[in-house]
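Structure first, then comments.
Keep in mind that this is a model prediction, so the values were computed, not measured. Any value given below was found using the heavy atoms of this structure, including those in side chains, with hydrogens, waters and symmetry copies removed.
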Amino acid sequence: MEARVRALETVLTEKGLIDPAAIDAIVETYETKVGPRNGAQVVARAWVDADFADWLKRDATAAIASLGFTGRQGEHMRAVFNTGDTHNLVVCTLCSCYPWSVLGLPPVWYKAPAYRSRAVMDPRGVLAEFDVVLPETTKIRVWDSTAELRYLVIPQRPVGTDDMDVEQLMQLVTRDSMIGTGLALSPSARQK
């Protein structure tokens with residue numbers, strides 16, 4: 001696949017249809033400026049700073065923007081917090097609305113019709129397919145993302161992380177945990 005992409009890029013460059021510098025700038029943007037590392041920073045900050053977590057609950061757009069994460073697909077955000085009895089799951093039933101500024105580009109499965117329909121009808125079954133098996137007593141809330149409002153799940157902070165700083169905690173936050181199809185990693189799982 002990588003060889004095909006390189007070959008296509010070479011052909012398009014030789015024909016003058018793309019500028020390699022523009023491609024490099026786009027790749028660099030998605031590797032370093034937008035993406036799940038931004039969301040992981042938001043989550044880790046909420047875990048260590050109760051005032052920030054409260055702000056995130058009240059006005060996620062402003063709280064996230066305070067960390068410098070703004071722009072396309074992240075203009076209107078709501079943070080939903082997992083608790084001991086509630087798990088949140090995000091889907092876009094109409095298309096693939098997704099908060100690019102904090103999660104980057106959406107995974108292929110997020111855009112698939114099967115996920116978009118089944119997440120609403122059978123969220124527990126969908127979560128099981130992602131190896132997230134929750135107790136029957138756990139309430140699952142499904143949030144339908146739209147062009148006007150996008151969601152960020154704040155997973156529960158893993159136990160045994162009291163002495164960890166924001167940088168260390170960020171390593172425990174996955175893209176899937178911020179969509180709700182995963183959980184934050186335990187410190188021992190991260191070390192494997």
Looking at every non-hydrogen atom in both residues, tell me the closest pair between [X] and [Y] and how far apart they are.
X    : Y    : value
I154 : A46  : CG2-CB, 4.5 Å
S101 : T70  : CB-O, 3.7 Å
P36  : R175 : CB-CB, 4.0 Å
S186 : L172 : O-CD2, 3.8 Å
V102 : V42  : CG1-CG2, 4.4 Å
A79  : A60  : N-CB, 3.5 Å

Inter-residue atom distance [X].[atom1] - [Y].[atom2], 0.5 Å rounding:
X    : Y    : atom1 : atom2 : result
L149 : H76  : CG    : NE2   : 8.5 Å
R150 : C97  : CZ    : SG    : 4.5 Å
Q41  : L169 : CD    : CG    : 11.5 Å
D176 : L183 : CG    : CG    : 10.0 Å
L89  : W143 : CG    : CH2   : 11.5 Å
M77  : L152 : CE    : CG    : 5.0 Å

Side-chain touch [X]/[Y], heavy atoms, less than 4.5 angstrom:
X    : Y    : result
W47  : M164 : no
I23  : I18  : yes
M178 : V173 : yes
L127 : V133 : no
T93  : S117 : no
R124 : L134 : yes
F81  : P155 : no
V90  : Y110 : yes

Do [X] and [Y] belong together in a cluster built from hydrophobic side chains that touch within less than 4.5 Å?
X    : Y   : answer
V120 : L94 : no
L8   : L17 : yes
I26  : Y98 : yes

Kindly say whether [Y] contributes a backbone atom to a donor-acceptor pair with the side chain of [X] at under 3.5 angstrom?
X    : Y   : answer
N38  : F69 : no
T13  : E9  : yes
R141 : V80 : no

Listed partners of [X] passing side chain to side chain donor-acceptor pair (under 3.5 Å), at least two apart:
X    : answer
R157 : T161
T83  : D85
S177 : T174
E129 : R118

**Item:** salt bridge (charged side-chain N to carboxylate O under 4.0 Å, His left out) partners of residues 52-68, not counting sequence neighbours, each pair once
**Value:**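 Output for this query lists D54-R58.
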
**Prompt:** Would you call the rings of Y115 and W109 parallel, tilted or perpendicular if under 30° counts as parallel and over 60° as perpendicular?
**Reply:** perpendicular

**Asked** Taking only residues two or more places apart in sequence, or in another chain, which ones meet P113 in a side chain to side chain contact (heavy atoms under 4.5 Å, CB included)?
**Response** R116

**Request:** I would like to know whether V132 and T181 meet side chain to side chain contact (heavy atoms under 4.5 Å, CB included); could you show each step before the answer?
**Result:** CA-CA 7 Å; V132 176; T181 55; 5.8 Å; no

**R45 to F52, cation-pi by 6.0 Å centre distance and 45° axis angle** =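 Positive - R45 is close enough to the ring of F52 and near enough to its axis.
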
